[in-house]
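Reviewing the structure listed below.
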There are 2 protein chains.
Amino acid sequence: MAATDKALAGLRQMIASGELGPGAKFPPEPELCEHLGVSRSSLREAVRSLGALGVIESRHGSGTYVSALDPAAIISRFSLSVDLIPLEGLLELLEVRRVLESHATATAAARQDPELADRLGEILDRLESTTDATEIQHLDAAFHGAICTAGGNPTVTALTDVIRGRGGHYRIFEPGTDFEAIKQSSDRGHRAILAAITTRDPAAAATAASAHIAQTERWLRALRPVPQPVP
Amino acid sequence: MAATDKALAGLRQMIASGELGPGAKFPPEPELCEHLGVSRSSLREAVRSLGALGVIESRHGSGTYVSALDPAAIISRFSLSVDLIPLEGLLELLEVRRVLESHATATAAARQDPELADRLGEILDRLESTTDATEIQHLDAAFHGAICTAGGNPTVTALTDVIRGRGGHYRIFEPGTDFEAIKQSSDRGHRAILAAITTRDPAAAATAASAHIAQTERWLRALRPVPQPVP
DNA sequence: GTGGCGGATTTGTCTGATGACTTAGGCTTA
DNA sequence: TAAGCCTAAGTCATCAGACAAATCCGCCAC
C-alpha cells in the first residue's frame, strides 16, 4: 500500500475504532510518523485529505484534532466539490433538493411555530422589493434556510444549502431576458409556500415547495445547450 | 493567505473558470508551483485535498487530471467522512435516506420495467434463506440499490448508498438478541416494497419504503445509549 | 492575584534528492 | 508489414532536513 494511503487508513482507523473521539487531539506529527511508518510529508498529505472532508482539523502551533464529526458541518464541506459540478449533474442534484426540501417544508408546516410565518413574511417583503441579483440570492437562501431549519433536521438543511449554493452560481436572476417573468413566478412560488405554512397544511406545503423547485429546474434546464447529433 | 489555501483556491479557480474541464490534464507540478507561487509541498497538499473530494486525480507517472466531475462519483467519496459519523448524527442521515429512497422507490414503481420485479424477487429469495450477517448486508444493498437505480437518478442512488453503507457498520443483523424478530420484520418490509413495485403502485411503494427504513431507524435508535442526566 | 515575558511545543513552508511508474517512440525480429 | 521489446524522457511519490510562524505554558515581577 502506498505511504499516503497507509497514513490515511491509519488515521481513519484511530477515529473509527473509538481510540479518538470528536474533539480529541492527535499525537504530534513526528510521533504519528513513527507510529504509522511514513515520512512527515506523506502524513501531512493524509491529514490534508481528511481535513478537506471535515473529519480532522489542524491548528497552527497547537495540534491536530478530530472534528466534532457533526453531520451538518461535514456536509457543508461538500460545497468544495459540489460547487464544481457542471450543469448536467446539477439537474440530478436539484431533484435531491426538491425531494428533501419538500419534505422539510411539510414538516415545518406541521409544527406550530408562530414566529416562523412572521419571519418568512418579512423576508418575502424585502425579496419582492429588490432587483439586485446578489440580494435576491441572499434573501432566497434565508427564506428556504429558515424553513429547513424549522423542519428540525440540520443535516437536511446543510444538504439543501450546499445544492442551493451551487445553483446560485448560474445567477438566473441576472437582469436580462425574461428577468421580470422569472422574478414574478418565483415570488408567487414563495408566497404559496408561506400560505401553506401559515395555514399549517403540510400536504400543500410539500406540493408548493416541490413545484417551486421544479420551476427552478426548468429554468436551469433551459440554460443547458441542446445536445448536437453526431454526424 | 496561507500557501496551501492559495494553491487550493488556484486549482479550484482553474476548474471553475472553465480553463480545465472534466478529464483535462494539469500542468506538471513544478510548473504549477511557479504559476501559483507556492512550494511543491504546499501544492501537493492542496492536490490531496481536492483528490479526497473527488475533484481531481493524480496518476503516478502520468499526471494530474480533473475528474469526470460526475455527481454520483463525487458523492461516493463522501463515504470517507460519513463512515466516521457517530450514531447520533447517523439518525439525521437516515431521515435523508428515508425521504430520498421513498421517492426513488415510488419512481421505480411508476416505471414499467418487467425485469426489475424478477430481479428483486431473486434477491429476496436468497436474502430470506441466509443468516450470514455479511451476506444479508450485501443482498440488502443489492435490493435497495437496484430499486434506486431503476428510479433513474444516479445521484440519489449514490447518496443512499453512502448512508446505507454507514448504517451497515452497526451490523444490527448479527445473530443475538432479537435477531429472528428483526430479520423477519425486515423480510416482510422487503416483500411489501416488491409487491408495490409489482403492482406498479407508486404511492404504496413510497409508503412501504418509508416504513421499512423507519423501522431501521428505530432499531438503530434502540442501540443509542440513553443520555445520562448531569448531576 | 494578575499580567507580561520567554522558552518549549507544534504545525506550516520551503528546498533538494531519490525512487517508482507511465508513456511514447524507435528498434528488433518474426 | 506488424507485433513485441526496450530504452529514455516525463511525471508523480516519498523521504530527509531545515527554518519560520503560531500557540501554549510556566515562571517571574509587580
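So you know, we letter chains A, B, ... as the sequences are listed, proteins then strands, and number each from 1. Atom set for the values below is all heavy atoms of this structure, side chains included, hydrogens, waters and symmetry mates excluded.
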How would you list, by chain and number, every residue that makes a side chain to side chain donor-acceptor pair (under 3.5 Å) with Thr107(B), sequence neighbours excluded?
none
Looking just at side-chain N and O atoms, do Asp161(A) and His144(A) make a donor-acceptor pair shorter than 3.5 Å?
no
Does a side-chain N-to-carboxylate-O contact under 4.0 Å join Glu101(B) and Arg164(B)?
yes
So, using side chain to side chain donor-acceptor pair (under 3.5 Å) as the criterion, who are the partners of Gln215(A) when residues are at least two apart?
Arg218(A)
So if I define the base as every atom that isn't primed, P, OP1 or OP2, how would nucleotides 20-25 of chain C read as a B/S/- string at a heavy-atom cutoff under 4.0 Å?
BBB---
So, using side chain to side chain contact (heavy atoms under 4.5 Å, CB included) as the criterion, who are the partners of Pro28(A) when residues are at least two apart?
Pro30(A), Glu31(A)
Using a strict heavy-atom distance below 4.0 Å, which residues from residues 4-14 of chain B are in contact with DNA chain D?
none
When you list every nucleotide of DNA chain D with an atom under 4.0 Å from a heavy atom of chain A, which one comes first 5' to 3', and which comes last?
dT14(D) to dC24(D)
What residues form a side chain to side chain contact (heavy atoms under 4.5 Å, CB included) with Ser67(B), not counting sequence neighbours?
Glu57(B), Leu69(B)
Using a strict heavy-atom distance below 4.0 Å, which residues from residues 38-52 of chain A are in contact with DNA chain C?
Arg40(A), Arg44(A), Arg48(A)
Suppose we screen for side chain to side chain donor-acceptor pair (under 3.5 Å). Which residues come up paired with Arg44(B), at least two apart in sequence or across chains?
Glu45(A), Glu29(B)
Can you run down the ring-ring contact (aromatic ring centres under 6.0 Å, His included) pairs that involve residues 9-39 of chain A, sequence neighbours left out, and say none if there aren't any?
none
Would you please name every residue forming a side chain to side chain donor-acceptor pair (under 3.5 Å) with Gln13(B), sequence neighbours left out?
none
At under 4.0 Å, does any side-chain N or O of Thr64(A) touch on OP1 or OP2 of dT11(C)?
yes
Spacing of Ile75(A) atom CD1 and Thr155(A) atom OG1 [to the nearest 0.5 Å]
5.0 Å
Would you compute the distance between atom CG of Leu90(A) and atom CG of Asp83(A) and round it to the nearest 0.5 angstrom?
10.0 Å
Can Asn153(A) and His103(A) be said to form a side chain to side chain donor-acceptor pair (under 3.5 Å), step by step?
CA-CA 11 Å; Asn153(A) 187 324; His103(A) 169 76; over 6 Å; no
Just grab all the salt bridge (charged side-chain N to carboxylate O under 4.0 Å, His left out) pairs involving residues 2-19 of chain B, residues at least two apart or on different chains.
none
Starting at CG of Leu32(A) and ending at C1' of dT9(C), how long is that distance when rounded to a whole Å?
15 Å
